[in-house]
Amino acid sequence: MAERYDIVIVGAGPAGLAAAEAALARNARVAWLDAQATAGGQVWRKDVQHGWPQRAERVISKVLSHANLTWMPQTQVIAAEQNELLLQNERQALRIAYGALILATGARELLLPFPGWTLPGVTGAGGLQALAKQGWPLAGRRVVIAGSGPLLLAAAATAKRHGAQVLGIYEQADQTAVHAFARKLWRWPGKAIQAAMLRAQLAGIPYYYGSIVTRALGEHTLEYIEVDGPHGMQRIACDQLAIGYGLVPNVELAHMLGCAMTQEGAHPSVQVDASQRTSVANVYAAGELCGIGGRDCAWVEGRVAGITATGGTVGAALLQQQRHARKFATALGAHFKLDPYIHDLAQPDTLICRCEDVPLQALKDYDDARSAKLATRCGMGACQGRVCGTALAELGLFPRSGQRPPLFPARLATLGEFASSSDTEGSFS
Amino acid sequence: MKQVRIDIDGQTLDVPAGISVAAAMARLRPSVRRSVSGQMRAPFCGMGICFECRVRIDGVAQQRACMTPVRDGMQVVTDG
Amino acid sequence: MKRYDLIIVGAGIIGTACADYASEQGLRVAIIEPGPIGGGATAAAMGHLVAMDDDPAELALAHYSLGLWEDFTDVAQIEYTRCGTLWVASNEAEYAHIPAKIARLAAVGVQAELIDSERLYQLEPALAPGLHGGMRVPREAVVYPPGMARHLLDRARARGASLYTQHVAALTKQGVLLDDRTALSGAVLVATGCALPQLLPQLPMRARKGHLVITDRYPGIVQHQLLELGYADSAHGDADSSVAFNVQPRPTGQILIGSSREYGSDTAQVSLPMVRRMLERTFRYLPSLRQLDALRIWTGFRPVSADGRPYLGRVPDRENVWVAAGHEGLGITTSLGSARLVIDQYLGRATAIDPHPYDPARAVASA
């Protein structure tokens, strides 16, 4: 029998946290799940050395200690059937039923292929930030941060805080674009303060515009990179390259539930109204999932969803905050557009599908994702196209298709009659 | 900081409690998994999306190391 | 208007096998396929090359075809892996039937051996305790069907066959009309599987949905394609839905899990209740599979004729229209033999096996 909750929230980043706080304030019985072991999502990931950011810690502690909150860490959604979710954690499978579901599954990094991107030592920019916070040894390591977007600054700050020698930040957008973005920040005081703080933290770290990492090289691990920039090609020796080109919404669960999507550019996001309702009854969505808009936007939207999903009305002030926060998203997208050169970095022998080792040249004979998959295995591996499929969509090659269950790799026991994973007996006697 | 003791490919390691298995392995070697064509790989996305960090943990194969905190007595087996 | 000797509609395993043989015999061939090559039932097939002994006509066709498959063992794209088949007996009665099965297979030259329970667990230690033994067919193999369809098509095109990527709008007196109003003239061979009724509504066809689950890489757990001896009851029975234990070790080290059968569903959507039934059946025989991770679940539709045997031959009351469709769960195995049976009849030659059981006229007459 499935345990029923008034509100189920998937995702424990800012949007999910705000939704949980708001829903609990309205006396709802809430189940709050995340695939990670601790709350905070990516942007408020608990740092093993430094804990949570102060503001996040206050709310997280308050929410986690609330009597009406059931916290489910290390829990993945596997499938959805008729207002119920099939979940799996490390040990067992379970079903929960919801009155309303709030999707706050956030975003993942846009990771694009280029020669050498599979070398140990190359990670995403947000990837390195996540690894640093989970205890990755960075003291004394020479780190280059590259790609695009404000995330690069945050990643550099985290790396520096963990003792890395950050050699530089290489932003592909040109100086005009970045300065124009910076000039807009006064409209979002929170962002402006954040930027100023980051600037202070990053004093001494060179920031380069119009610069693109074209290759990563090394025999078994990363030894140096090549960067193309305004002053020509440079070779830089380093131990870690943290490279990411922005964020992409994690729409797979929403897609599986049948939520309508919108698409600006290469990647879909979940379509919501002003109440954060999706096109599916009783399903709400908030935050990066609805379009990359940053932490403050996610917080406001999560709050709205927590209120409306519990039958409340959103005050005018909050609505105004919501609209304003979403405008930041638009500014972000406009100023950090990717240089088309980045789409052409992959060489014929550059692997596109990392799970199945499929190179770019293997894909050239196919017009659609399915034919390519059947013929080359591209997308058949463990990540089920989350990395290669997203990259190919960005490169304008094959658009991403939908997601069937299991949403993530699931134990066969979970897909059976939910026997616990310790049940290995079976006999014909 | 509290320490836990884990075993990686037969080597014992004392690491801070709360770090991920991926972070623990990085103290020992730069790469943990062989790709399908034999290339050495290391954790890449840091957030459970790319599946490059899969190792065998306490006898169960294909576990994402970046999503798993270390536990005292944990046995980790990598490809490398 | 473009003229061909043979216009083949559909580039699944059947259509491409026909195109390959027809072009090899010197015919000028067109093949029409708007979707991915081998993207229909071929992509949802397990790729198990197997002789099943309960229907003599099916056994004859399978045996003929399996011999032809031996020419493809070295083609990389096909991933031919001779892992053998191991049929598992869960009780005394099933075990007692095995010698008769071995004899029927031997009569057509398929070598099979009786396996007692001690040997069974030596061969497959992951099997659940309490099984009585089984029947091993060591020379059987598994293949990757879309790879074979692609390979056969490439061979046909290398011999001059033309691929059209439009849809067929209609059969005409001369041949076919495509959806962009291109007209092709020539004899037509319809190999469209479940979509057969669109062009040939006089031939009954049902779609029988199946589910497949594939795991992450866990090499060494299962050695053979493993099936329960009751599998044929599921395949040949007419139940609205049924499951049977059927598991395959892929060359990648992944484990492919089937099988389910279901009438009455026309959506490709995964049915989790059906998956549950199929997996629970699987766990009875391989309990340790519970621990493994599934990466993906998908579905496919088996084309089922009026009596479960394929239609292979001339369509009655149509001057120049032929059919090769309706193979249920044996399309991959019998593809090569089916192609020869139809094309040899088209060329007016003697066929290697009796074509009568597959005569399309049987279905139209009784409709």
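Residue numbers start from 1 in every chain, and the chains themselves are labelled A, B, ... in the order their sequence lines are given, proteins ahead of strands.
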Chain A interface, residue from C:Asn91, C:Val270, C:Leu279, C:Asp293 that has the most non-hydrogen pairs under 4.5 Å: C:Asp293
Over 60° means perpendicular and under 30° means parallel, so classify the ring planes of A:Trp71 and A:Trp32, tilted if in between. tilted
For the candidates C:Pro145, C:Pro36, C:Gly35, which exhibits the highest count of non-hydrogen atom pairs separated by less than 4.5 Å from chain A? C:Pro36
For each of A:Ala372, A:Pro409, A:Ala375, A:Ala410, tally heavy-atom pairs with chain C at distances under 4.5 Å, and name the one with the top tally. A:Ala410
Could you tell me whether C:Arg217 and A:Glu356 have a side-chain N and a carboxylate O separated by less than 4.0 Å? yes
Say whether C:Ser241 and C:Arg277, considering side chains only, have a donor N or O and an acceptor N or O under 3.5 Å apart. yes
Interface moiety of C:Thr282 toward chain A, non-hydrogen atoms closer than 4.5 Å: neither
Does a side-chain N-to-carboxylate-O contact under 4.0 Å join C:Glu228 and C:Arg284? no
With a 4.5 angstrom heavy-atom cut-off, could you sort out which part of C:Arg296 is near chain A: side chain, backbone, both or neither? both
Among C:Thr215, C:Leu272, C:Leu127, which residue forms the greatest number of heavy-atom pairs with chain A at distances under 4.5 Å? C:Leu272
Give a yes or no on whether a salt bridge exists between A:Glu81 and C:Arg276, defined as a side-chain N under 4.0 angstrom from a carboxylate O. yes
What part of C:Ile214 gets within 4.5 angstrom of chain A, counting heavy atoms only: side chain, backbone, both, or neither? neither
Under 4.5 Å, counting heavy-atom pairs only, tell me which of C:Gln254, C:Met278, C:Gln77, C:His132 racks up the most with chain A. C:Gln254
Heavy atoms of other groups near C:Gln269 CD, more than 12 under 6.0 Å: no
